[in-house]
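Inspection log for the structure reproduced underneath, given as structure tokens.
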Amino acid sequence: MSEVSRRVAALEESATVAITARAKELRASGRPVIGFGAGEPDFPTPPAIVEAAREAALDPRFHRYTPTGGLPELRSAIAAKTARDSGLAVTPSQVVVTNGGKHAVYTACQVLLDPGDQVLLPAPYWVSYPEAVRLADAVPVPIATDHATGYRVTVDQLEAVRTEHTRMLIHVSPSNPTGAVYPAEEVEAIGRWAVEHGIWVLTDEIYEHLVYGVEASSLPVVVPEAEEWCVVVNGVAKTYAMTGWRVGWLIAPAAIATSAITLQSHLTSNVANVSQAAALAAVSGPLDTVAEMRTAFDRRRRTMHRMLNEIPGVTCPEPFGAFYAFPSVAGLLDRRIGESTPRTSLQLAAVLLDEIEIAVVPGEAFGAPGHLRLSYALGDDDLVEGITRLQKLIARSS
Ligand code: GLU
């Protein structure tokens, strides 16, 4: 008999977290590992944000418990930032501050899902969505998307799997892991379909500012009637290079937000006040740092897309958002690669770490075997060096 609960025993460790940690560990031990695993900007948090945190740490007010739903000034600032950035008008009472975006996803699932509810999950999907759904005893229903359709799900596909138990759709644009960005008309069609059938939409907007030549559209803005059916998830991690500060939020109809706060009051109480003060400085400040990061990511995106497609056996669609490339590596499987013959992308990822010391996340983690996810949120030189290692490995394996 397992010593831990069946619920937890059934969980897979987060592959993105595990691979990022492994790459950092190997680097710290002196190995020249290049990490394409981490979904985190290589930039430092802007100094003004760090300074706000330093001041907060010195203020006795922040040494105490604060309201579970978030500092009132932060909830107001998030409401204002949301109106500024996506055009969605919300009240501070609809905002719940969480320990990162991942916690907001978990909370939304706990608050909205009952055992047996079905959650539509376009695949490839971010690793933590199906687990958050299962932790609520609900059932993830993956829907395969592919290169030919730009890794975007259609209403016809959603309708084909809808049942009386369908309770929620997880909609992510820009997408982790494919970089797909849904055009406004497709967002509109999905939003109208959700309203028509009374299906909740968890819309993850964490990459809203990381788009390249296209625009991200917020579902409840494009379809205002959908607001009553939407939980928007967002956070400071990607926009302000603040992955380690752990501040995210959800925005929901007020009754849902109140329930989320009730849950959080037993789970975590308030998010660390110093981090909230930093997040307040971030969301009420300018967007100039993200503009600089976007320029760098765009340059790296183009380099990575080009270099990956130069490799025989690799096909990489152009990513239009976030900071990931998601190539098919089907052409590298079942053949000799270096000293091994990987049969799956999981095995290929292990070979790449072993033989050329590059850390990538296998597609299996995202419900898309035969692919790899490579983050391009790393330095330009490392990026070129890492992909060059891959190019040379494949060239000498041919
Ligand atoms: N969201 C990032 C990623 O996909 C961070 C790691 C994680 O929390 O999964 O790599």
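Every number for a ligand or one of its atoms is a count from 1 in the order of the listing. Only this structure's heavy atoms are used, side chains among them; waters, hydrogens and symmetry mates stay out. Numbering starts at 1 and runs along the sequence shown.
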> Relative to each other, are the rings of Y151 and F326 parallel, tilted or perpendicular (30° and 60° limits)?
Replying inline: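 Judged by the thresholds at 30° and 60°, the geometry between Y151 and F326 is perpendicular.
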>> Ring-plane angle category for Y129 and W126, please: parallel below 30°, perpendicular beyond 60°, tilted otherwise.
In response: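 It falls in the perpendicular class, over 60°.
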> Of the backbone atoms (N, CA, C, O) and the side-chain heavy atoms from C-beta on, which set of E40 has a member under 4.0 Å from an atom of ligand 1: side chain, backbone, both, or neither?
Replying inline: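 No part of E40 is near ligand 1 at this cut-off.
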> Under 4.0 Å from ligand 1, counting heavy atoms only, is it the side chain of T243, its backbone, both or neither?
Replying inline: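 T243 to ligand 1: no contact under 4.0 Å from either part.
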>> Evaluate S128 for polar contact with ligand 1, using N/O atom pairs at a separation under 3.5 Å.
In response: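 Min N/O separation from ligand 1 is not below 3.5 Å for S128.
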> Does the N or O separation between G39 and ligand 1 drop below 3.5 Å for any pair?
Replying inline: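 Yes: some nitrogen or oxygen of G39 is under 3.5 Å from one in ligand 1.
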State the atoms of ligand 1, each with its element, that fall below the 4.0 Å cut-off from a heavy-atom position in [X].
{"X": "K102", "answer": "7 (C), 8 (O), 9 (O)"}
{"X": "N176", "answer": "1 (N), 3 (C), 4 (O)"}
{"X": "K238", "answer": "1 (N), 2 (C), 5 (C)"}
{"X": "Y324", "answer": "2 (C), 3 (C), 4 (O), 10 (O)"}

> What's the shortest distance from atom 10 (O) of ligand 1 to any protein heavy atom, and which residue and atom give it?
Replying inline: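 Result: R373 NH2, 2.8 Å.
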>> Quick test: of every protein heavy atom, which one is nearest to atom 6 (C) of ligand 1, and how far off is it to 0.1 Å?
In response: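 Answer for atom 6 (C) of ligand 1: T16 OG1, 3.7 Å.
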>> Would the distance check show the side chain of S259 and the main-chain N or O of A255 forming a donor-acceptor pair, the cut-off being under 3.5 Å?
In response: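 Pair found, side chain donor or acceptor close to backbone of A255.
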> When hydrophobic residues are tied together by side-chain contacts of less than 4.5 Å, even through go-betweens, does L219 share a cluster with I143?
Replying inline: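 Yes, one cluster joins them.
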[X] with [Y]: basic N within carboxylate O range, under 4.0 Å:
{"X": "R336", "Y": "E355", "value": "no"}
{"X": "R389", "Y": "E385", "value": "yes"}
{"X": "D298", "Y": "R294", "value": "no"}

